[in-house]
Amino acid sequence: MSRAFEVLDVRPTRMGELMLRRRLEPVLQIDIWEVKLGEAFLMSSMFTATEEAVGRLGIADTQGDALRVVVGGLGLGCTAAAALESDRVAELTVIDALAEVIEWHERGLVPLGPTLVADERCRFVHGDFFAMAHDGIDVGGGPPFDAILVDIDHTPDFHLDESHAGFYSEDGLQRVADQLVPGGTFALWSDDPPDAGFTALLGRVFDDVRAEIVEFPNHYTGANSACTVYFSHP
């Protein structure tokens with residue numbers, strides 16, 4: 001195929017057809033990596049500011065050194081890479097339900113793959129983050145963790161799979177809080193504006209909660225777009 005459009009990998013999965021593709025953005029003349037699951041666009045390297053904010057601001061919100069961090073969702077690696085910018089992170093485990101996504105990084109099919117693979121602090125775990133969060137995240141050493149950073153579903157009520165719904169309940173969030181050190185950080189990405197109902201739900205579980213809007217330029221619209229990152233501390 002020409003540089004204008006190339007399918008790098010396509011696989012059947014339980015949640016639908018998974019595709020990684022690269023295309024030339026005609027106006028900016030840069031390569032863009034995109035991930036699709038079924039008919040839904042999961043991620044584009046064109047817009048990564050909010051995924052990076054989950055990692056960067058999540059670590060900035062977390063006190064201490066030699067931090068043990070769990071990232072739920074690998075994607076194009078932006079959240080993990082941003083968290084690893086801090087030398088306070090000693091150990092970062094990325095959990096992803098799709099072994100194919102982990103393989104993309106290990107094979108260097110996505111830009112951040114070689115960086116993450118080469119960082120000795122980072123490791124990938126193939127698993128269902130939501131099931132692990134419910135049962136207790138055991139990735140060697142076990143909880144508690146200093147930070148749990150999640151970028152998987154579109155929003156707290158728009159899920160990639162219906163099995164994720166229980167995570168966004170009071171019980172599900174309490175299980176997350178129980179796996180954090182006092183003063184640790186739970187950070188969650190959402191593609192929607194701040195939701196007052198979900199913020200209130202977080203407030204019933206965590207002592208300190210805020211929803212931060214992260215804006216980024218969108219050259220397609222000529223204006224800024226925005227997503228939300230929720231930060232919570234037990």
Practice task
Please lay out, stage by stage, how Asp192 and Ser190 fare under the test side chain to side chain donor-acceptor pair (under 3.5 Å).
Solution key: CA-CA 5 Å; Asp192 275 355; Ser190 173; 5.3 Å; no
Practice task
Decide whether Met132 and Met15 are clustered together by the hydrophobic rule: side chain heavy atoms of Ile, Leu, Val, Met, Phe, Trp, Tyr closer than 4.5 Å, transitively.
Solution key: yes
Practice task
Just do the side-chain contact (heavy atoms from CB on, under 4.5 Å) check on Glu34 and Met43 with the steps written out, would you?
Solution key: CA-CA 6 Å; Glu34 296 173 327; Met43 195 171 184; over 6 Å; no
Handout entry: Heavy-atom donor-acceptor pair, Thr13 side chain to Gly16 backbone, under 3.5 Å
Key = yes
Problem - Worked verdict on Tyr230 versus Asp195 for side chain to side chain donor-acceptor pair (under 3.5 Å) - result: CA-CA 10 Å; Tyr230 296 94; Asp195 183 286; 5.4 Å; no
Practice task
Step through it carefully: locate the ring centre of His159, locate the ring centre of Tyr168, and say whether they are under 6.0 Å apart.
Solution key: yes
Problem - Joint hydrophobic cluster, Ile59 plus Val181, side-chain heavy atoms closer than 4.5 Å - result: no
Exercise for the section: Check whether any side-chain N or O of Arg11 sits under 3.5 Å from a backbone N or O of Glu100 as a donor-acceptor pair, and report yes or no. Expected result: no
Handout entry: Polar side-chain atom of Asp161 near backbone of His164 as donor-acceptor pair, under 3.5 Å
Key = no
Completion exercise
Scanning both residues in full, the closest heavy-atom pair of Thr50 with Cys227 reads CG2-CB, 3.3 Å
Practice task
Just do the salt bridge (charged side-chain N to carboxylate O under 4.0 Å, His left out) check on Asp146 and Arg88 with the steps written out, would you?
Solution key: CA-CA 11 Å; Asp146 296 286; Arg88 295 190 299 121; over 6 Å; no
Practice task
Check the pair Trp33, Arg22 against side-chain contact (heavy atoms from CB on, under 4.5 Å), reporting the backbone distance first and the verdict last.
Solution key: CA-CA 4 Å; Trp33 280 258; Arg22 179 176 58 204; 3.4 Å; yes
Handout entry: With Asp171 via side chain to side chain contact (heavy atoms under 4.5 Å, CB included) - residues at least two apart
Key = Ser169, Arg175
Handout entry: Linked, directly or transitively: Phe47 and Leu28 (ILVMFWY side chains, under 4.5 Å)
Key = yes
Problem - Pair Leu160-Leu42, side-chain contact (heavy atoms from CB on, under 4.5 Å): steps then yes or no - result: CA-CA 9 Å; Leu160 296 181; Leu42 293 189; 3.5 Å; yes
Exercise for the section: For the pair Arg68 (side chain) and Pro144 (backbone), establish whether a donor and an acceptor sit closer than 3.5 Å, ignoring hydrogens and angles. Expected result: yes
Handout entry: Pairing of Asp61 and Arg210 as salt bridge, 4.0 angstrom limit
Key = yes
Practice task
List the steps and the verdict of side chain to side chain donor-acceptor pair (under 3.5 Å) for His154 and Asp191.
Solution key: CA-CA 6 Å; His154 298 292; Asp191 197 30; 5.4 Å; no
Problem - Lys/Arg N to Asp/Glu carboxylate O, Arg56 vs Glu85, below 4.0 Å - result: yes
Problem - Closest approach of Arg121 to Ser86 (non-hydrogen atoms, all atoms of both residues) - result: NH1-O, 3.0 Å
Completion exercise
One should read off an interatomic distance between His233 NE2 and Phe186 CZ, to the nearest 0.5 angstrom, of 11.5 Å
Handout entry: Pro156 side chain reached by Leu188 side chain, heavy atoms, under 4.5 Å
Key = yes
Problem - Pair Met19-Asp9, side-chain contact (heavy atoms from CB on, under 4.5 Å): steps then yes or no - result: CA-CA 6 Å; Met19 177 185 294; Asp9 196 17; over 6 Å; no
Fill in the blank from the handout: side chain to side chain contact (heavy atoms under 4.5 Å, CB included) filter on Thr93, not counting sequence neighbours, yields Glu91, Ile95, Arg123, Val125, Val139
Problem - ILVMFWY cluster, Leu149 and Leu173 together (side-chain gap under 4.5 Å) - result: yes
Handout entry: Note, Phe129 side chain near Ile152 side chain (heavy atom, < 4.5 Å)
Key = yes
Exercise for the section: Flag yes if Leu76 and Leu112 sit in one hydrophobic cluster, no otherwise; membership is Ile, Leu, Val, Met, Phe, Trp, Tyr, and two members link when side-chain heavy atoms are under 4.5 Å apart. Expected result: no
